Amino acid sequence: MERTVVVAITEGLHARPAALFAQKAGQQPVAVKIAKTAGGDAVDAASILGIMTLGASVGDEVVLRTEADGDGAAAALDALVDFLSSEVVA
């Protein structure tokens with residue numbers, strides 16, 4: 001299962017937004033990977049260092065994927081898509 005989303009966060013996935021995203025990914029009931037492109041190398045979405053190596057900026061398209069399926073997996077991906085779709089993170 002996967003979702004593609006354009007990063008709307010003004011700062012991109014750097015420093016604080018990356019840390020908050022990794023924290024949110026770590027709270028999900030399934031493991032999620034993130035890649036900058038559909039064929040790109042995926043990193044653990046719960047790893048701040050992995051996320052920062054992507055260098056994802058505002059306007060970049062990223063792919064979130066999980067090996068799990070079912071409602072829990074869909075909800076986890078949807079929660080992370082919502083996070084990345086917000087221009088400002090709290």
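Computed from a predicted model, the values in this text were never measured in an experiment. Excluded from the calculations below are hydrogen atoms, water molecules and symmetry mates; all remaining heavy atoms, backbone and side chain alike, are included.
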Novice: Which is it for Ile34 and Leu80 under the side-chain contact (heavy atoms from CB on, under 4.5 Å) test, yes or no, and what are the steps along the way?
Specialist: CA-CA 10 Å; Ile34 182 172; Leu80 296 175; over 6 Å; no
Novice: Are the side chain of Thr66 and the backbone of Val32 linked by a donor-acceptor contact shorter than 3.5 Å?
Specialist: no
Novice: Partners of Ser57 by side-chain contact (heavy atoms from CB on, under 4.5 Å), sequence neighbours excluded?
Specialist: His14, Asp60
Novice: Which heavy atom in Met1 sits nearest to a heavy atom in Ala68, and how many Å separate them?
Specialist: CB-O, 4.0 Å
Novice: Can you find a pair of side-chain heavy atoms, one from Leu84 and one from Leu64, that are under 4.5 Å apart?
Specialist: yes
Novice: Taking only residues two or more places apart in sequence or in another chain, which ones pass salt bridge (charged side-chain N to carboxylate O under 4.0 Å, His left out) with Asp44?
Specialist: none
Novice: Who pairs with Asp78 by salt bridge (charged side-chain N to carboxylate O under 4.0 Å, His left out), at least two apart in sequence or on another chain?
Specialist: Arg3
Novice: Does a sphere of radius 6.0 Å around CG in Asp82 hold more than 12 heavy atoms from other residues, nucleotides or ligands, not counting ones at 6.0 Å or beyond?
Specialist: yes
Novice: How would you list all residue pairs meeting ring pair (Phe, Tyr, Trp, His ring centres under 6.0 Å) that involve residues 48-75, not counting sequence neighbours?
Specialist: none
Novice: With rounding to the nearest 0.5 Å, note down the distance linking NZ in Lys36 to CG in Asp41.
Specialist: 12.5 Å
Novice: Do the side chain of Thr4 and the main chain of Val63 share a donor and acceptor less than 3.5 angstrom apart?
Specialist: no
Novice: Establish whether Leu54 and Phe83 are linked, either directly or via other cluster members, by ILVMFWY side-chain heavy-atom contacts under 4.5 Å.
Specialist: yes
Novice: Mark yes or no for whether Thr37, through its side chain, and Gly40, through its backbone, hold a donor-acceptor pair below 3.5 Å.
Specialist: yes
Novice: List the residues meeting side-chain contact (heavy atoms from CB on, under 4.5 Å) with Ser85, not counting sequence neighbours, and say none if there are none.
Specialist: Val5, Val81
Novice: When rounded to the nearest 0.5 angstrom, what is the spacing between CD in Glu67 and NZ in Lys33?
Specialist: 8.5 Å
Novice: Out of curiosity, does Val7 fall in the hydrophobic cluster containing Met52 (side-chain heavy atoms, cut-off under 4.5 Å, transitive links)?
Specialist: no
Novice: Return a table of donor-acceptor pairs under 3.5 angstrom between the side chains of residues 17-27 and protein atoms on other chains or two or more places apart.
Specialist:
none

